[in-house]
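Heads up: the structure comes next, in C-alpha cells.
One-based numbering, in listed order, for ligands and for the atoms of each. Predicted model only: the values in this text are computed from it and were never measured.
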Amino acid sequence: PEDIRVYEFAEACGKSPAEVITVLFGLGMMVTKNDFLKQDELEILGEEFGIEVTVKDALEDVNYVEDYQEEVDISHFVTRPPVVTIMGHVDHGKTSLLDKIRSSKVASGEAGGITQHISAYTIEQSGQKITFVDTPGHAAFSAMRARGADVTDIVIIVVAADDGVMPQTEEVISHAKASGCPIIVAVNKMDKETANMDMVKAQMAEREMTPVDWGGDVEFIGVSAHTGMGIDDLLENILLQAEILELKADPKAKVKAAVVEASLEKGRGPVATVIVQNGILRLGDNIVCDTTYGRVKAITNDLGKPVKELGLSETGTVLGLNEVPAAGAIMVGQDSDKEARDIATKRAEHARAKELSKSTKVSLEEMSGLI
Ligand code: GTP
Ligand code: MG
C-alpha cells in the first residue's frame, strides 16, 4: 500500500485516472493522479470496478537490503566483535565514559591525536575488539532499529551514582528492553562522595532491572569516567556477554554496513560513519546506500587515519557517495557501478514522488480548510 499512485492504478486496470479520481471524490476522498493510494482506497476501488486488487511492492526490484540475505553463507561464518551502544540520561556521563575507555585503550602515540568528537569507535580489550556507539539520543536509536539498522548487540545504560534514575533513564530502559539486547548497567561517577550504588540498584530493581547480586539477571558495574575505575571490569563484562551471544558474520559476503551518522563536509563531500555488519568494506567498492550510491574513494578509521578496508563490526568513515545518506541507511556492495546507480536512482525517484504526493495532499487539505 501507499506505493501505488492513482494513475498507475488506473493504467493497471484499464481505466482513466479521471474515473478513479471520480469514484474516490464521490466518497469524499480528494486525490490527484500523482497521489499514492491507501489500503482502504484500494479496497473501495476494487469493489467499485469489480476487480481483485493485490499490491506489489513498488521497490520490489530494488529492495537491495532484503535481497542481501542470499549473499550470506553460514558456512563462512566467523565470530565478530560486539557492537555496544551507550544510552542514559543527559549528563550522566555517556560521552565522558566513551572518551575514557578510548583514551585508555588506544596506544599512547595515538591518544593525543583524538580531537574531534566521534560517534563510534573500535577498541581492543584482551586482544578482542569491541565497537562502541554513542547515541545522540534514544529516539535515534529506535529510529535506526525501525529502519532495520539494528547494529547494536549490547546496550549499556549509564546511570550517575549521585543522581540515580531520571526520566530519560526510564525511557532508555524501555527502549533497551524493546531491542531485546542484553543490558549492562554502568553506574558512573562513583568517584563522587555522594555516589550511592545501592540507591541506583534499588531504583533499577523497581523497574524490573534487578541486579545479579540481588537475585536478578542484570550486571551493575560501578565506574568512573574521571578516574577510570571499573572500566576494565565493564569491558570484561561486555566480552562475556558477547561470548554468550555467539555473534557471527560472513566476511566473504558482499559488504553490508549500517550508517550511524552522515554529513556533508567541506572539501570532502558526503561522509558517512558506518559499522560493517557483513563482508569487508574496501576501497573501490561500488556501493548503494538507500537513495545514494558511489564508489568508495577513501576510508578513514576511527582515529582519522586512512585505511584500505574495514572488517566485521569495525567502524570508520566512507567517502565517495554522491549524496548524504540518512542515519540508519544500509550500505551494500554491488557488482558494478551501474547496478549501484540504478538501484539508488530508482529509490531516489520513488522517495521524491512520495514526498511530492505528500505535499499536494497537504495543500489540498489546507485549501479545503479555507473554503
Ligand atoms: P549528554 O551527551 O549531554 O547526554 O551527556 P553525557 O551523558 O554524554 O555526559 P557527559 O559525558 O557530557 O558528562 C556530563 C558531565 O558529568 C560533565 O561535566 C562530566 O565532566 C561529568 N562526569 C562524567 N563522568 C563523570 C565521572 O565519572 N565522575 C564525575 N565526578 N563527573 C563526571
Ligand atoms: Mg554525550
Check your understanding: Does the N or O separation between Gly93 and ligand 1 drop below 3.5 Å for any pair?
Key -> yes

Check your understanding: N/O to N/O below 3.5 Å, does that happen between Ala225 and ligand 1?
Key -> yes

Identify the heavy atoms of [X] and [Y] that sit nearest to each other, and give their distance.
X	Y	value
Leu42	Leu37	CD2-CD1, 3.8 Å
Lys129	Leu239	O-CD2, 4.4 Å
Val288	Ala340	CG2-O, 3.8 Å

Check your understanding: How are the rings of Phe132 and Tyr121 set relative to one another: parallel (under 30°), tilted (30 to 60°) or perpendicular (over 60°)?
Key -> tilted

**Study point:** Residues which pass side chain to side chain contact (heavy atoms under 4.5 Å, CB included) with Asp233, listed by chain and number, not counting sequence neighbours
**Key:** Ile221

Point to revise | Pairing residues for Glu309 by the side chain to side chain contact (heavy atoms under 4.5 Å, CB included) criterion, not counting sequence neighbours | key: Ile280, Arg282

Revision key, fill the gap. Of all protein heavy atoms, the one nearest atom 2 (O) of ligand 1 is Thr95 OG1, 3.9 Å

Practice item. Please write down residue, atom name and distance for the protein heavy atom closest to atom 28 (N) of ligand 1. Key: Asp191 OD1, 2.7 Å

Can you list, pair by pair, the side-chain donor-acceptor contacts under 3.5 Å of residues 317-330, counting residues two or more places apart and other chains?
| residue | atom | partner | partner atom | Å |
| --- | --- | --- | --- | --- |
| Thr317 | OG1 | Thr300 | OG1 | 2.3 |
| Asn322 | OD1 | Tyr293 | N | 2.9 |

Check your understanding: Mind counting the protein N, O or S atoms sitting less than 2.8 Å from the Mg ion (ligand 2)?
Key -> 1

Review point. Is there a donor-acceptor pair under 3.5 Å between the side chain of Thr131 and the backbone N or O of Val83?
Key: no

[X] contact mode with ligand 1 (heavy-atom cut-off under 4.0 Å):
X	result
Lys192	side chain
Asp91	both
Val90	both

Check your understanding: Would a 4.0 Å cut-off, counted as strictly less than, catch a protein heavy atom around atom 18 (O) of ligand 1?
Key -> no

Review point. Is Asp337 paired with Arg295 through a side-chain N to carboxylate O contact shorter than 4.0 Å?
Key: no

Exercise for review: Decide if atom NZ of Lys177 counts as having more than 12 heavy atoms of other residues, nucleotides or ligands within a radius under 6.0 Å.
Suggested key: yes

